[in-house]
Amino acid sequence: MIKFYNTKSRKREEFIPIDEGKVGLYTCGPTVYDFAHIGNFRAYIFEDLLRRFLSLSGFEVYHIMNITDIDDKTIRRSIEENRSLQDFTDEYVKSFHEDVETLRLLPAHEYPRATEFIPQMLDMVGQLEEKGFTYTTQDGSVFFKISEFDNYGSLAKLDPDQLRSGERVENDEYGKEEGRDFALWKGHKDSESNVSWESPWGNGRPGWHLECSAMSTHYLGNHFDIHCGGVDNIFPHHENEIAQSCAATGEEFVNYWLHNEHLLVESQKMSKSEGNFYTLRQLLEMGYSPESLRYTLISTHYRQKLNFTFDKIKSSQKCVNKLRELKRRALLIDIDAEGRDVEKLSSDMLGKFQEKLGDDLNISGALGELFVWVNDIFSQLDNNEVSVSGAGSILSTLNTVDLVLCVINDTCNDEPSEEIDALIIARNDARANRDWSKADEIRDKLDALGVVLEDTQGGTIWKRK
RNA sequence: GGCGUCGUAGCCAAGUGGUAAGGCACCGGUUUGCAAAACCGCUAUUCACCAGUUCGAGUCUGGUCGACGCCUCCA
């Protein structure tokens, strides 16, 4: 049985898809006004884990991730840089896809961009207007009137009457009737340059919430299985999506809402003013490997705040190295030996591994099971108790685990380096001549480059620290 | 004011009534030219604190203290 914690009910619920064997998954993607930061990727990695686990469990997943290429920030920055909105956002869409590849996230099946869905959004505004959920203001904006929608606040567990008009409310910016109403369509403002589309309500541009309703239903139908995002999206974004979608279609919208907690950097909230704001690119430049970052982000339960520290990245690299070392050792087995039944140990472990993940993606529990097995196997390897077929079983087990973790196998391996190879050869020459001080000198040099050596029977290999 | 989350070893962390998984780090041993990696062994009488329920509580109930999030466009 697979269970997920559903924000809608605040409980773990058994997962039952609408169509047996298939899952419609919508995840809130990036707003492309800058490089994505490590906190953004926490969300995308959680979604990647979810998707990979569902696939491993035999579901056929159809995954849509939106790209917000029109909002206050994209408009403002493109104007600042004196570029067209499209030209400006294209750059960050491209970098986003590069980052997705670096972190080995499974690409979504579609990445719809808000600006490509203006007609569908306007259709939805039309439906809402027809049903009496909207009003227009003098500047040509269209608002959703939440007092017309009975269940408003059901996801965030907020009572609309209790909502405080906080400091963040720009109350009369668009002349709305009540502070809590939200914009479906925003009338054109001069400050937004030529960013504007025609509509039955005059020129303007879509409100933020509308794109996700329009694009998710376009690809997944009015009623689909899972919608994910960061906890900050629960309110107002997802609450508003529910209101719009259910009001427009008259149907149920999403069955399971899954939200990930935020990431802290060295126990502090990540912010530019604190100077602890890291993009993936910056961390790679600092010398951290993609797999260590992936492991760091994936190995803490998604509903737990993740305290992102450099110690944790180093610890993650060690864990990854250990798994890779096990694979390397298994590949070296070429003689038959009598030992305990690796096959059974492995299949038992995989069973528990999947069972833990099926419990609301309990990754810590799953990794616990994995490492109990890893230790057991290492011990058998050291005692020469693993046969050729046992080794095969170890390798296939690691491959299965890596379908989810995606940190062991090749594509994100360290790039070959002629410099490193040359130094290793020089050191081995020195060792052959029993010139230990020279050999150690070269090893120290490599250490300074973040490279650790291991002299094995099969030759010298290297890893990242 | 409203809604909600969390507090388990030096650090990370599993554990939804039965006597504390796992990872990193540390220490001792095997191994190694020395290392590294791996192995063997050691590392929480205790789960923020207090009270209660129970044969039995990290797990349930009440309270206290502490950290944090959301309450209109931030993953």
Side-chain angles (χ1 to χ4, degrees), chain A residues 7 10 12 27-31 36-47 68 71-73 146 153 156-166 168-171 176 179-183 207-209 228-237 239-240 259-264 267 269-271 295-296 299-301 303-307 309 311-312 314-319 321-322 325-326 328-329 352 356 359 362-375 378-383 431 434-437 439-440 443-444 447 452-456 460-463 465:
Chain A
T7 305
R10 307 287 159 117
R12 270 180 240 199
T27 61
C28 281
T31 301
H37 56 68
I38 198 71
N40 298 124
F41 282 111
R42 201 227 169 156
Y44 308 139
I45 291 238
F46 142 61
E47 289 152 2
T68 301
D71 81 319
D72 293 351
K73 289 186 293 281
I146 66 167
K157 304 276 182 259
L158 291 173
D159 177 351
D161 296 327
Q162 296 280 330
L163 290 188
R164 235 194 210 178
S165 284
R168 289 171 65 193
V169 183
E170 296 175 83
N171 250 325
K176 50 185 161 178
R180 57 194 201 172
D181 291 338
F182 61 90
W208 174 43
H209 313 298
C228 300
V231 284
D232 52 307
N233 278 332
I234 296 171
F235 192 88
H237 186 50
E239 193 69 58
N240 291 349
H259 293 97
N260 63 279
E261 251 300 345
H262 277 175
L263 169 150
L264 302 173
S267 302
K269 186 171 177 170
M270 182 166 58
S271 71
Y295 192 93
T296 300
S299 60
T300 294
H301 189 258
R303 286 193 290 113
Q304 192 96 36
K305 285 182 188 64
L306 190 164
N307 189 13
T309 63
D311 271 355
K312 194 171 272 182
K314 288 172 194 149
S315 157
S316 294
Q317 181 72 58
K318 291 272 199 165
C319 293
N321 287 348
K322 194 165 187 172
E325 174 67 11
L326 183 58
R328 199 185 62 79
R329 291 274 296 272
K352 288 186 218 160
K356 298 283 181 186
D359 182 13
N362 181 354
I363 187 73
S364 304
L367 290 173
E369 300 295 346
L370 172 62
F371 279 98
V372 169
W373 174 82
V374 167
N375 292 336
F378 265 126
S379 167
Q380 289 190 48
L381 284 166
D382 264 34
N383 292 327
R431 290 174 70 219
R434 307 181 69 82
D435 184 352
W436 309 126
S437 62
D440 289 350
R443 186 168 57 198
D444 289 345
D447 187 76
V452 186
L453 300 183
E454 282 180 39
D455 296 322
T456 72
T460 302
I461 61 169
W462 63 275
K463 300 176 181 180
K465 253 200 284 198

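Quick caveat: nothing in here was measured; it's all calculated off a predicted structure.
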The criterion is side-chain hydrogen bond (donor to acceptor under 3.5 Å, both in side chains); which residues satisfy it with [X], sequence neighbours excluded?
X	value
A:R329	A:D382
A:E454	A:K463
A:T460	A:N428, A:D455

Between the protein and nucleotides 3-14 of chain B, list the N/O to N/O atom pairs that are separated by less than 3.5 angstrom.
residue, atom, partner, partner atom, Å
B:rA14, O3', A:N362, ND2, 3.0

**OP:** Assign A:I234 to base, sugar-phosphate, or nothing according to its heavy-atom contacts below 4.0 angstrom with the strands shown.
**Re:** nothing
Original post:
NA contact type, A:G230, heavy-atom cut-off 4.0 Å: base, sugar-phosphate, or nothing?
Top reply: sugar-phosphate
**OP:** Under the salt bridge (Lys or Arg N to Asp or Glu O under 4.0 Å) rule, collect the residues that match up with A:K318, sequence neighbours excluded.
**Re:** none
Classify the side-chain pair [X]/[Y] by whether it contains a donor and acceptor separated by less than 3.5 Å.
X	Y	answer
A:H262	A:D232	yes
A:N321	A:E325	no
A:T7	A:H259	yes

Original post:
What's the CZ-C1' distance between A:F235 and B:rU72, to the nearest Å?
Top reply: 6 Å
Original post:
Reckon A:N375 has a side-chain N or O less than 4.0 Å from the OP1 or OP2 of B:rC40?
Top reply: no
Original post:
Taking protein heavy atoms under 4.0 Å as touching, what does nucleotides 29-37 of chain B look like 5' to 3' if B marks base contact, S marks sugar-phosphate-only contact and - marks none?
Top reply: ----BBBBS
